[in-house]
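Worksheet for the structure shown next.
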Amino acid sequence: MKRTRLFLAIFMLVSFLMIVGVQVFAAEGKTYNWKMAQYHAVGTMLDKVAEAFIERLEKASDGRINIRYYPGELLGDYIIQQEAVQSGSLDLAFTYPITKTNPKWDVLALGYVGWSAEQAEDRFKQDGWMFKIVDEVAAECNWKLLAIAPGGSAMGGTTVISNKSYDPLDPKGVKLRVMPAENLVTRYSALGYNPIMMPFSEVSSALALGTIDAAAGCIPQEFSVFGDAFKYAYAGMDDQTVIPFIMNLDLWNSLSEEDQKIVLEAADFTDDPDFGWDAWKEAIEYSYNEELLPWQILVTLDGDGWATLAERARDAEWAYVEKIVGKEMMDVVRANAPELPWGKTLDEMNYGWGKVLTTEWLVKRQGAVYNNYPPEVKK
């Protein structure tokens, strides 16, 4: 009888250990099939980054995590994609968030937070101070922020393209197209422009017809899109737009700590030689050198010019955004934003990363450095 009881006890113990072992193995070896999208066309930098992430993730998980990828707008535009991640019908997406999803996204598009690629990287890498803010806002949308892709303006800055010669420190009367966002209207009104909300698709025709004099927010990679529709590019470096990489938060919370680590490491391209920050710099350098037409003139500002505009914009736009995101969040921005570059020369500003928008590069390209009223040019 004792033998029988001992045998049963041993049998039950072995069975228990086997069950626990199977459960542990199942937890560690769980497989996933996810859907991922991004709205840029096949062959673009962001498309290549997305494909590289998939390859990294599948390799790091030993094939346990598989992704079905939808580039371009196969699953709808960027708005539809981010709403799908929020609901959970889409697992992952590279997408630029809009205020329709959460009004607090104005904080991601703040103007005059920095002017160089190094400052942008310090903000937006996974341990950057702005990354923490963005992750907090993302959580309110049921997203987990995995990483932030630099995008064109984080490197080469945004420009105002125009057919009009004017002083960017005094653009009174210049009719300027902006995206439909109140923070941009607030910013450019403070800078002296007459901002007009207009869809991106209407910019070229509006410039040609004279409906607008200029358009804000053009990144270097869009020079070829507009072609000869403009004469001047005012490189104000006011906006360093980036593209968040998001995951459905419920899905993220369901993952083991080990799988969360695998996903985060696969999403971090900061130092990747092909798709990291340095690679984006090369892509923007190409845009400035190859996609800006020879007769189009770049207008730049030294430190005093940039700081003058930054003071105006920060006073107006930052105050507006603070009403939306709260004082605590904006205090973090104010504490970490670089000091205004009073007294810095153009070359000391190190716009972008120091290969373009320098005195030497501008003189070689267009014969002179222009900071206001560039000469009339003909196409």
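If you're wondering where the values come from, they're calculated on a predicted model, not measured in any experiment. Computation of the quantities below employed the complete heavy-atom set of this structure, encompassing side-chain atoms and omitting hydrogens, waters and symmetry-equivalent molecules.
Within a 6.0 Å radius of CD in E257, no more than 12 heavy atoms belonging to other residues, nucleotides or ligands are found. Taking a 6.0 Å sphere around CD of E140, one finds it holds more than 12 heavy atoms contributed by other residues, nucleotides or ligands. Taking a 6.0 Å sphere around NZ of K323, one finds it holds 12 or fewer heavy atoms contributed by other residues, nucleotides or ligands. Residue-environment remark: CE (M179) stays at or below the threshold of 12 foreign heavy atoms within 6.0 Å. Within 6.0 Å of CD in E360 there are 12 or fewer heavy atoms belonging to other residues, nucleotides or ligands. The environment of E328 atom CD is sparse: at most 12 non-hydrogen atoms of other residues, nucleotides or ligands sit within 6.0 angstrom.
At least one donor-acceptor pair under 3.5 Å links the side chain of D304 to the backbone N or O of G343. E51 places no side-chain N or O within donor-acceptor distance of the main-chain N or O of K48, the cut-off being under 3.5 Å. Between the R56 side chain and the A267 main chain, no donor and acceptor come within less than 3.5 Å of each other. Judged by distance alone, the side chain of D77 and the main-chain N or O of I80 form a donor-acceptor pair under 3.5 Å. Using modelled atom types, one side-chain atom of S162 and one backbone atom of D213 make a donor-acceptor pair closer than 3.5 Å. The backbone N or O of G236 lies less than 3.5 Å from a partner atom in the side chain of W306, making a donor-acceptor pair. With hydrogens and angles disregarded, a donor-acceptor distance shorter than 3.5 Å links the side chain of Q82 to the backbone of Y78. A donor-acceptor pair under 3.5 Å is formed between the side chain of Q260 and the backbone N or O of W252. A donor-acceptor pair is defined here as one N or O able to donate and one able to accept, closer than 3.5 Å; no such pair exists between the side chain of K231 and the backbone of I297. In this structure a side-chain-to-backbone donor-acceptor pair under 3.5 Å is missing from Q126 to A147.
L298 is connected to F226 through a chain of hydrophobic side-chain contacts under 4.5 Å among Ile, Leu, Val, Met, Phe, Trp and Tyr, so both are in one cluster. Linking Ile, Leu, Val, Met, Phe, Trp and Tyr whenever their side-chain heavy atoms come within less than 4.5 Å puts F223 and F200 in one cluster. Taken together through direct or relayed side-chain contacts under 4.5 Å among Ile, Leu, Val, Met, Phe, Trp and Tyr, L309 and Y373 form parts of separate hydrophobic clusters. Both I324 and M197 belong to a common hydrophobic cluster when Ile, Leu, Val, Met, Phe, Trp and Tyr are linked at side-chain heavy-atom distances under 4.5 angstrom. Hydrophobic clustering (ILVMFWY, side-chain heavy atoms < 4.5 Å, transitive): Y286 and V49 are in distinct clusters.
No donor-acceptor contact under 3.5 angstrom links the side chains of Q81 and Y70, judged on distance only. Side chain to side chain, D250 and N142 meet the donor-acceptor criterion of an N or O pair below 3.5 Å. With no hydrogens or angles considered, no side-chain donor-acceptor pair links Q221 and S287 at under 3.5 Å. In this structure, a donor-acceptor pair under 3.5 Å is absent between the side chains of D347 and T345. If you check the side chains of W361 and N289, you find a donor sitting under 3.5 Å from an acceptor. Donor-acceptor pairing under 3.5 Å is recorded for the side chains of Y69 and D47.
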Next item on the list: Report the C-alpha distance between K100 and E83 in whole Å, list the side-chain angles of each, state the deciding distance to 0.1 Å, and finish with yes or no for salt bridge (Lys or Arg N to Asp or Glu O under 4.0 Å).
Entry: CA-CA 10 Å; K100 178 184 175 183; E83 289 176 344; 3.8 Å; yes

Next item on the list: Evaluate the criterion ring-ring contact (aromatic ring centres under 6.0 Å, His included) for residue pair W280 and F275; output intermediate values, then yes/no.
Entry: CA-CA 7 Å; W280 281 85; F275 305 108; 9.1 Å; no

Checklist line | Intermediate values then yes/no, salt bridge (Lys or Arg N to Asp or Glu O under 4.0 Å), E322 and R334 | finding: CA-CA 11 Å; E322 182 174 307; R334 291 188 174 94; 2.6 Å; yes

Item checked: Residues V160, Y232; criterion side chain to side chain contact (heavy atoms under 4.5 Å, CB included); working and verdict -> CA-CA 8 Å; V160 170; Y232 310 105; over 6 Å; no

Check: Checking side chain to side chain contact (heavy atoms under 4.5 Å, CB included) for the pair L57/V263: CA distance, chi angles, key distance, verdict?
Finding: CA-CA 6 Å; L57 189 58; V263 172; 4.0 Å; yes

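A salt bridge does not link E202 with R177: every distance from a Lys NZ or Arg NE/NH1/NH2 to an Asp or Glu carboxylate oxygen is 4.0 Å or more. A salt bridge is defined here as a Lys NZ or Arg NE, NH1 or NH2 lying under 4.0 Å from an Asp or Glu carboxylate O, and R64 with D259 meets this definition. Between K144 and D135 there is a salt bridge, since at least one side-chain N of the basic residue sits less than 4.0 Å from a carboxylate O of the acidic one. The pair E118-K281 meets the salt-bridge criterion, with a side-chain N (NZ, NE, NH1 or NH2) lying under 4.0 Å from an Asp/Glu carboxylate O.
Two residues are said to be in side-chain contact when any heavy atoms from C-beta on lie closer than 4.5 Å; I67 and L92 meet this criterion. Using a 4.5 Å heavy-atom threshold, the side chains of L292 and R365 count as touching. By the 4.5 Å heavy-atom criterion applied to side chains, K35 and V85 are not counted as neighbours.
Taking both residues in full, the closest heavy atoms of K104 and V137 are given as CB-CG1, 3.8 Å, listed atom of the first, atom of the second, then distance. Scanning both residues, L74 and P71, for their nearest heavy atoms gives CG-O, 3.3 Å. Among all heavy-atom pairs drawn from F124 and Q240, the shortest one is CE1-O, 4.0 Å. What you find for I284 and P220 is that their closest heavy atoms are CG2-CG, 3.7 Å.
Scanning for ring-ring contact (aromatic ring centres under 6.0 Å, His included) contacts around Y370 gives an empty result, with sequence neighbours left out.
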Expected list for residues 187-194: side-chain donor-acceptor pairs under 3.5 angstrom, two or more places apart:
from: R187; atom 1: NE; to: E317; atom 2: OE1; distance (Å): 2.8
from: R187; atom 1: NH1; to: D238; atom 2: OD2; distance (Å): 2.9
from: R187; atom 1: NH2; to: A109; atom 2: O; distance (Å): 2.8
from: R187; atom 1: NH2; to: E317; atom 2: OE2; distance (Å): 3.1
from: Y188; atom 1: OH; to: D238; atom 2: OD2; distance (Å): 2.5
from: S189; atom 1: OG; to: V185; atom 2: O; distance (Å): 2.7
from: Y193; atom 1: OH; to: Y166; atom 2: OH; distance (Å): 2.9

